[in-house]
Amino acid sequence: MTQRKPLIAGNWKMNLNHLEAIATVQKLAFALGDKDFDKTDVAVLPPFTDLRSVQTLVDGDKLRIVYGAQDLSQHDAGAYTGDVSGVMLAKIGCTYVTIGHSERRQYHDEDDDLVNAKVQAAYRHSLTPILCVGEGLAVRQEGRHIAHSLAQLDAALRKITAEQAKSIVVAYEPVWAIGTGEVATPEDAQEVCGALRVRLAELYDAEVASAVRILYGGSVKSGNIAGIMAQPDVDGALVGGASIDAGEFAKICRFSDMPG
Ligand SMILES: O=C[C@H](O)COP(=O)(O)O
């Protein structure tokens, strides 16, 4: 089985201007050492307007923090006012791009076809998608959370080859647990993350399934990360609110030093 290196990614959402971004990444870099980066990959996902400042800091100080964007256009260039392309994100040194976050699906009507087009756009420019899937409260209450998340995965991976799929990061984020303080139990997280991995094996093969990192997201904090990370199919976390506090985010990144 592939040894999957954990990934803790901080989705800042629409928080922190470029000056605050510099201060936050500096604090994070100060709080984490080589031994932390040896054990865990650490990424920040700031707003577009912060990316150039983060790039300058990361490159200038040779930081081991990597960064990415929260969205990208499905197109590579053209008359698409307000959009940002994968070409631009690759040029600015992004490693990751979040795709299909529930807030994009909800507030921008992004459907599965668009999510799939964005995944393809990311791969055209060697960006690693952090593909978000997860159910809302009503779906969970009806007991359809696994089927719902698997259907989102299937749709997002249409036309994606096994070679590409091997590098994708999938984030399971139950919508009812995002920003609500309502964290899924470690067993809830494992149930869906495990099902997602089985589906990857069905869609591709065992090698792909065992290579893909599957994250949990939804009210992750330093106080609950260790239990979530103890689950066999959870390889990291997509952290929202707690990621804009560098001290708290650093503690989350050091989950392996905490009791489970
Ligand atoms: O992308 C991150 C998720 O939406 C989780 O956000 P949260 O940690 O604020 O609940």
Side-chain angles (χ1 to χ4, degrees), residues 6-16 20-21 24 28 40-48 50-51 54 65-72 89 94-108 110 115 118-119 122 127-137 139-140 145 148-149 152-153 156 168-186 188-190 192-193 196 213-229 231 234-255:
L7 167 65
I8 305 290
N11 174 10
W12 294 0
K13 308 194 178 185
M14 198 171 69
N15 295 293
L16 306 181
E20 293 165 332
T24 302
L28 188 58
T40 304
D41 287 339
V42 176
V44 293
L45 307 165
F48 290 130
D50 297 357
L51 286 171
V54 171
I65 296 167
V66 297
Y67 54 92
Q70 298 173 17
D71 181 38
L72 87 170
L89 297 179
C94 286
T95 299
Y96 295 105
V97 60
T98 313
I99 299 176
H101 191 281
S102 60
E103 287 150 16
R104 300 291 315 174
R105 293 180 193 256
Q106 182 179 352
Y107 303 133
H108 298 269
E110 295 200 1
V115 169
K118 289 186 174 194
V119 171
L127 298 162
T128 299
I130 300 179
L131 167 69
C132 301
V133 300
E135 80 287 353
L137 186 58
V139 171
R140 158 78 46 172
H145 48 288
H148 178 93
S149 301
Q152 287 182 329
L153 181 74
I168 204 166
V169 175
V170 179
Y172 168 58
E173 300 208 310
V175 180
W176 48 272
I178 296 178
T180 58
E182 192 73 45
V183 65
T185 65
D188 289 335
Q190 170 58 29
V192 181
C193 292
L196 289 165
R213 290 186 290 186
I214 303 181
L215 316 184
Y216 166 78
S219 298
V220 169
K221 302 201 169 33
S222 58
N224 57 33
I225 182 71
I228 291 165
M229 290 304 297
Q231 301 303 311
V234 179
D235 307 309
L238 183 56
V239 185
S243 71
I244 58 179
D245 173 340
E248 172 67 1
F249 189 59
K251 279 193 208 161
I252 295 171
C253 294
R254 282 201 301 264
F255 69 90

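Both counts, for ligands and for their atoms, begin at 1 and track the order of listing. Excluded from the calculations below are hydrogen atoms, water molecules and symmetry mates; all remaining heavy atoms, backbone and side chain alike, are included.
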For ligand 1, what N or O to protein N or O distances fall under 3.5 Å?
unit_1: ligand 1; atom_1: 1 (O); unit_2: Asn11; atom_2: ND2; d: 2.9
unit_1: ligand 1; atom_1: 1 (O); unit_2: His101; atom_2: NE2; d: 3.0
unit_1: ligand 1; atom_1: 1 (O); unit_2: Glu173; atom_2: OE2; d: 3.2
unit_1: ligand 1; atom_1: 4 (O); unit_2: Lys13; atom_2: NZ; d: 2.7
unit_1: ligand 1; atom_1: 4 (O); unit_2: His101; atom_2: NE2; d: 2.8
unit_1: ligand 1; atom_1: 4 (O); unit_2: Glu173; atom_2: OE1; d: 3.4
unit_1: ligand 1; atom_1: 6 (O); unit_2: Lys13; atom_2: NZ; d: 3.2
unit_1: ligand 1; atom_1: 8 (O); unit_2: Ser219; atom_2: N; d: 3.4
unit_1: ligand 1; atom_1: 8 (O); unit_2: Gly240; atom_2: N; d: 2.9
unit_1: ligand 1; atom_1: 9 (O); unit_2: Gly241; atom_2: N; d: 2.8
unit_1: ligand 1; atom_1: 10 (O); unit_2: Gly179; atom_2: N; d: 2.6
unit_1: ligand 1; atom_1: 10 (O); unit_2: Ser219; atom_2: N; d: 2.7

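No hydrogens or angles considered: a donor-acceptor pair under 3.5 Å links the side chains of Glu173 and His101.
We find that Glu110 and Arg105 are not joined by a salt bridge, their nearest charged nitrogen and carboxylate oxygen being 4.0 Å or further apart.
The stretch residues 234-251 participates, sequence neighbours left out, in these salt bridge (charged side-chain N to carboxylate O under 4.0 Å, His left out) pairs: Arg4-Asp235, Arg197-Asp235.
Under the rule for a salt bridge (Lys or Arg N to Asp or Glu O under 4.0 Å), the partners of Lys13 that lie at least two apart in sequence or sit in another chain are Glu103. Partners of Gln70 according to the side-chain hydrogen bond (donor to acceptor under 3.5 Å, both in side chains) rule, which considers only residues two or more places apart in sequence or in another chain, do not exist here.
Without hydrogens or angle criteria, Thr98 side chain to Ile130 main chain gives no donor-acceptor distance under 3.5 Å.
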